[in-house]
Novice: 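Attaching a single structure in structure tokens format; questions to follow.
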Amino acid sequence: MPSSSSSDPALLALTASTAASLITSALLWRSRSKSSSSSPPPSPPSSPLPFRAALTLPTPKPARVPAPPAITPARSSPPPETSTPPLANLASPPPPRPPALAGSGERRAACDAADALLDGLLRRLRLHGVSHQVSAVGFSSMAMALVGVDAAGHPATPLLSYAASSPPALASAAALRASLPPAARERMRQRTGCPVHACYAPAQLRALGADAWGRVSKFQTLPALIAGRWTGNPGRLPVSYSEASWTGLLNWRELEWDAETVEGVLPGGAAGKLPRLADFDEACEEARVTEASPYWARWPELRAPRCRLFLGVGDGAAANVGSRCGGGGGRVAATVGTSAAVRVVLEGEPGPGELVPEGLWCYRIDRNRRLVGGALTDGGSVVEWCRNLLGLKDDAEFLKVLKEIEEDRGAEWRKGGVDVVPFYSGERATGWRGNATGVVANLTRDSTRADFLRANMEGLALRLAAVVEKVRAAGGGAGGVIVASGGALDKNRALREMLADCTGMDVRCLAEGEASSRGVAILVGEALERDAGEGGGGGRKEGLEDCEVARPNEERARHYRVKRQVQERNIRAAEEGGVWDAL
């Protein structure tokens with residue numbers, strides 16, 4: 001990697017969707033560059049894969065990455081000079097592919113989609129004459145995404161997902177809660193940073209069954225599964241502290257699997273099936289594309305030692321870093337995609353008496369940074385569900401209703417209106433009631449489509465405000481700013497304004513999209529700088545001057561404080577009245 005005095009590293013973050021059927025895109029970020037006219041190459045094909053990869057490109061001194069609006073034939077002039085000689089025959093057709101991955105179709109399809117995605121990106125980089133500059137690959141994955149593999153490294157279980165809400169997972173979580181006294185559950189939460197809930201590994205692993213456990217040699221995350229395939233080391237890669245912390249099995253202080261949880265909660269022999277742990281930037285022999293790899297000929301750009309593969313990081317951790325909230329606790333990051341989360345980064349060693357705040361979780365970004373916050377199962381999916389329910393699938397009609405909501409915000413909020421508790425897929429933070437369902441109150445025959453959509457958006461903003469309140473009580477958010485990212489906030493100014501009013505904080509919307517992709521690119525770039533002795537200590541501070549801002553309105557804020565009390569009363573009524581007991 002060239003010295004920082006001669007050039008800045010350009011990080012090309014290749015993004016695959018965090019949920020099926022979302023669009024793949026590419027993001028070019030120039031680290032620490034004061035100005036850059038470079039644009040990203042054309043986006044690779046869309047893919048349903050829930051992971052992200054970042055390719056790090058050290059830019060040569062005078063050169064820029066060309067970025068025509070469409071793919072063009074390879075230039076006749078040679079590629080720019082670099083310290084690494086160009087690879088031969090990069091424009092030739094790829095060699096035969098390795099055998100298809102054995103195992104369940106969904107995991108095989110995910111790995112095949114990752115291959116196709118990287119094929120598409122490398123093809124474009126080859127056409128532009130810059131593929132020889134790739135020096136690192138990093139992953140950001142939907143957390144958690146855990147799969148058991150057999151002795152040959154083939155998937156042997158379903159994909160265990162943080163989004164799980166299946167009846168077996170819910171029943172397993174309920175049984176686990178019933179088997180542990182409240183004090184024991186709280187000690188477990190303080191050690192692992194995670195409550196007992198269907199979205200975490202303890203409940204899901206207990207629901208696997210003896211046959212599945214018998215087939216498993218090791219558990220791997222989705223990035224480890226993919227990287228193991230690329231390197232020819234299936235089932236043998238370590239898992240990062242970041243990804244492990246989302247499972248509910250990691251002791252977040254000791255950075256080790258929590259023995260008391262593993263031995264006391266999981267089936268016998270589970271400890272031997274858990275992978276080795278490491279920080280995401282730890283160099284390991286298993287994560288190298290060598291001559292033994294079936295991809296050695298297909299992707300010469302990724303060959304060791306010229307290119308380094310990093311371990312995966314959780315998408316939430318990457319999103320905080322990518323949304324300019326990676327250092328210190330002054331800024332709160334709010335991400336609303338399909339689901340939603342509010343998080344703050346805390347740096348340094350935790351104090352001996354530091355506790356995970358009630359209703360929140362604590363995860364790891366890396367050895368030196370932890371993430372405190374809470375997540376909602378239903379985020380942007382609330383708006384999407386309303387669109388389908390109300391017959392607003394046509395974009396023009398939906399935007400018309402949104403405009404009505406925005407225009408009415410000067411008066412409509414003064415009415416009592418419809419009240420919604422948007423627990424349509426159960427509750428995570430702050431009450432962690434996995435069996436909860438949605439509650440709608442004060443709906444009348446006079447209620448309109450705009451009233452119902454507005455009430456659902458308000459309900460979502462009020463639940464985010466409940467998490468923000470706990471994060472601030474834990475010492476985060478001292479700067480009084482929420483940095484918003486995710487498609488549901490990017491495209492919906494009314495929702496951003498509601499969030500500002502509900503929290504009493506400025507909400508700044510990032511100009512760039514794909515915060516998770518940008519975050520993993522920053523993390524990889526910082527690690528490469530550290531390796532080169534150029535700093536890269538983390539916690540980069542970035543300004544927010546270019547971000548559109550929504551400021552709280554005090555009169556509306558008073559109204560939403562009342563609405564918040566109404567929402568909390570409705571939650572208590574549903575719980576204490578036994579509405580959710582039979583679910």
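FYI, side chains are in, hydrogens and waters are out, and symmetry mates aren't considered; it's all heavy atoms of this structure.
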Novice: Okay, side chain of Gln204, backbone of Ala198: is any donor-acceptor separation there less than 3.5 Å?
Specialist: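 Yes; at least one donor-acceptor contact below 3.5 Å.
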Novice: Backbone N or O of Gly322 within a donor-acceptor pair of the Arg518 side chain at under 3.5 Å?
Specialist: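 Yes, Arg518 side chain to Gly322 backbone: donor-acceptor pair under 3.5 Å.
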Novice: Which pair of non-hydrogen atoms, one from Leu222 and one from Ser141, has the smallest distance, and what is that distance?
Specialist: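 Closest approach of Leu222 to Ser141: CB-OG, 4.2 Å.
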Novice: What is the minimum heavy-atom distance between Ser323 and Val483, and which atoms define it?
Specialist: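 Taking Ser323 first and Val483 second, the nearest heavy atoms are O-CG1, 3.2 Å.
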Novice: Would you kindly say whether Asn320 and Tyr363 are connected by a side-chain donor-acceptor distance under 3.5 Å?
Specialist: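 Checked: Asn320/Tyr363 side chains show no N/O donor-acceptor pair below 3.5 Å.
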Novice: Between the side chain of Arg185 and the main-chain N/O of Arg177, is any donor-acceptor distance below 3.5 Å?
Specialist: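 Such a contact is found between Arg185 side chain and Arg177 backbone.
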Novice: Please round to the nearest 0.5 Å and tell me the distance separating atom CG of Leu180 and atom CD of Glu186.
Specialist: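 Reported to 0.5 Å precision, the distance equals 12.0 Å.
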Novice: Does the salt bridge (charged side-chain N to carboxylate O under 4.0 Å, His left out) test come out yes or no for Arg463 and Glu568, once each step is laid out?
Specialist: CA-CA 10 Å; Arg463 295 323 301 157; Glu568 295 292 347; 3.0 Å; yes
Novice: How many angstroms lie between atom CG of Leu311 and atom CG of Asp366, to the nearest 0.5 angstrom?
Specialist: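 It is 12.5 Å, given to the nearest 0.5 Å.
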Novice: Between Val336 and Leu464, is any pair of side-chain heavy atoms under 4.5 Å apart?
Specialist: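 A side-chain contact exists here, since the closest heavy-atom pair is under 4.5 Å.
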Novice: Please evaluate residues Met457 and Leu453 with respect to the criterion side chain to side chain contact (heavy atoms under 4.5 Å, CB included), reporting the C-alpha separation (whole Å), side-chain torsions for both, the decisive distance (0.1 Å), and the verdict.
Specialist: CA-CA 6 Å; Met457 289 165 54; Leu453 178 58; 3.9 Å; yes
Novice: Answer whether the closest heavy-atom distance between the side chains of Arg564 and Arg561 falls below 4.5 Å.
Specialist: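 Sidechains of Arg561 and Arg564: no contact.
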Novice: Under 4.0 Å between a Lys/Arg side-chain N and an Asp/Glu carboxylate O for Glu260 and Arg187?
Specialist: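 Salt bridge between Glu260 and Arg187, a charged N being under 4.0 Å from a carboxylate O: no.
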Novice: Any Lys/Arg nitrogen of Glu406 or Lys403 sitting under 4.0 Å from an Asp/Glu carboxylate oxygen of the other?
Specialist: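 Salt bridge: no.
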Novice: Please indicate whether Glu358 has more than 12 foreign heavy atoms, meaning atoms of other residues, nucleotides or ligands, lying under 6.0 Å from its CD.
Specialist: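 Result for CD/Glu358: open.
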Novice: Any salt bridge between Asp546 and Arg324, counting N to O under 4.0 Å?
Specialist: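 Looking at Arg324 together with Asp546, the answer is yes, because their closest N to O distance falls below 4.0 Å.
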Novice: Kindly determine whether Arg343 and Thr335 satisfy side chain to side chain donor-acceptor pair (under 3.5 Å), including the steps that lead there.
Specialist: CA-CA 9 Å; Arg343 324 173 198 86; Thr335 304; 3.2 Å; yes
Novice: Considering all heavy atoms of both residues, which atom of Leu489 and which atom of Arg496 are nearest to each other, and what is their separation?
Specialist: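 Nearest heavy atoms, Leu489 then Arg496: O-NH1, 2.6 Å.
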Novice: Do Glu497 and Arg556 sit within salt-bridge range, that is, some charged N less than 4.0 Å from a carboxylate O?
Specialist: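 So Glu497 does not pair with Arg556 through a salt bridge.
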Novice: Would you say Ser242's side chain and Gly314's backbone share a donor-acceptor pair under 3.5 angstrom?
Specialist: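 Yes, the answer is positive, given that a donor and an acceptor are paired below the 3.5 Å cut-off.
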Novice: Per the side-chain hydrogen bond (donor to acceptor under 3.5 Å, both in side chains) rule, which among Thr437, Asp378, Asn456 passes with Tyr424?
Specialist: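 In the set Thr437, Asp378, Asn456, the residue that makes a side-chain hydrogen bond (donor to acceptor under 3.5 Å, both in side chains) with Tyr424 is Asn456.
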Novice: With rounding to the nearest 0.5 angstrom, report the CG to CG distance, Leu346 to Asn368.
Specialist: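 Rounded to the nearest 0.5 Å, the CG-CG separation comes out at 13.0 Å.
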Novice: In the structure I gave you, are the side-chain heavy atoms of Trp580 and Ile571 within less than 4.5 Å of one another anywhere?
Specialist: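 In short, these two side chains touch, coming nearer than 4.5 Å.
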Novice: Do Arg364 and Tyr241 meet the cation-pi criteria used here (NZ or CZ under 6.0 Å from the six-membered ring centre, within 45° of the axis)?
Specialist: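 Verdict for Tyr241: no cation-pi partner in Arg364.
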Novice: Got a second to check how far Arg191's CZ is from Cys362's SG, nearest 0.5 Å?
Specialist: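 Going from CZ on Arg191 over to SG on Cys362, the span is 14.0 Å.
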Novice: Should Lys400 and Glu404 count as an ion pair when the cut-off is N to O under 4.0 Å?
Specialist: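 Salt bridge flag = no for Glu404 with Lys400.
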Novice: Strictly distance-based, threshold 3.5 Å: is any side-chain N or O of Arg572 a donor or acceptor partner for the main-chain N or O of Gln567?
Specialist: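 Side chain of Arg572 to backbone of Gln567: no pair is present.
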Novice: Between the main-chain N or O of Gly312 and the side-chain N or O of Ser240, is there a donor-acceptor pair closer than 3.5 Å?
Specialist: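 Such a contact is found between Ser240 side chain and Gly312 backbone.
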Novice: What's the spacing between Thr503 OG1 and Ile482 CD1 if we round to 0.5 Å?
Specialist: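 Spacing of OG1 (Thr503) from CD1 (Ile482) equals 3.5 Å.
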Novice: At their closest point, which heavy atom of Pro202 faces which heavy atom of Thr247, and how far apart are they?
Specialist: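 It is CD-O, 3.2 Å.
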Novice: Where is the tightest heavy-atom contact between Asp451 and Asp446, given as atom of each residue plus distance?
Specialist: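 Shortest heavy-atom contact: OD2-O, 4.0 Å.
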Novice: Test side chain to side chain contact (heavy atoms under 4.5 Å, CB included) on Val383 and Cys386 and set out the steps.
Specialist: CA-CA 5 Å; Val383 178; Cys386 287; 5.7 Å; no
Novice: Determine yes or no for a side-chain-to-main-chain donor-acceptor pair under 3.5 angstrom, with Arg387 supplying the side chain and Leu392 the backbone.
Specialist: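 Side chain of Arg387 to backbone of Leu392: a pair is present.
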Novice: Take Met498 and Ile405 through the side chain to side chain contact (heavy atoms under 4.5 Å, CB included) test and state the conclusion after the steps.
Specialist: CA-CA 11 Å; Met498 288 176 185; Ile405 291 172; 4.1 Å; yes
Novice: Donor-acceptor pair, Asp506 side chain versus Val481 backbone, under 3.5 Å?
Specialist: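 Side chain of Asp506 to backbone of Val481: no pair is present.
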Novice: Using side-chain heavy atoms (C-beta onward) and a distance below 4.5 Å, is Leu355 in contact with Gln190?
Specialist: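 In short, these two side chains touch, coming nearer than 4.5 Å.
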Novice: I'd like to know if Lys393 and Glu384 make a salt bridge, using a cut-off of under 4.0 Å between side-chain N and carboxylate O.
Specialist: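 A salt bridge is absent here (no side-chain N lies under 4.0 Å from a carboxylate O).
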Novice: Looking only at heavy atoms, which two atoms of Ala319 and Ala515 are closest? And how far apart?
Specialist: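 Result for this residue pair: O-CB, 3.8 Å.
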Novice: I'd like to know if Arg253 and Asp258 make a salt bridge, using a cut-off of under 4.0 Å between side-chain N and carboxylate O.
Specialist: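 Result for this pair is no, no salt bridge flagged.
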Novice: Just how far is it from atom CG of Leu371 to atom CG of Leu360, taken to the nearest 0.5 Å?
Specialist: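 Answer rounded to 0.5 Å: 11.0 Å.
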Novice: Please examine the side chains of Val467 and Arg428, heavy atoms only from C-beta on, and report whether any two atoms are closer than 4.5 Å.
Specialist: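 Contact flag for Arg428/Val467 side chains = no.
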Novice: Would you say the side chain of Arg331 lies within less than 4.5 Å of the side chain of Arg508, judging by non-hydrogen atoms?
Specialist: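 No. Closest side-chain heavy atoms not under 4.5 Å.
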Novice: For a 4.5 angstrom cut-off between non-hydrogen side-chain atoms, does Asp490 reach Cys509?
Specialist: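 SC-SC contact between Asp490 and Cys509 confirmed.
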Novice: Please evaluate residues Cys199 and Trp432 with respect to the criterion side chain to side chain contact (heavy atoms under 4.5 Å, CB included), reporting the C-alpha separation (whole Å), side-chain torsions for both, the decisive distance (0.1 Å), and the verdict.
Specialist: CA-CA 10 Å; Cys199 67; Trp432 299 95; 4.2 Å; yes
Novice: Does a side-chain heavy-atom distance below 4.5 Å link Ser447 with Phe452?
Specialist: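 A side-chain contact is absent here, since even the closest heavy-atom pair is not under 4.5 Å.
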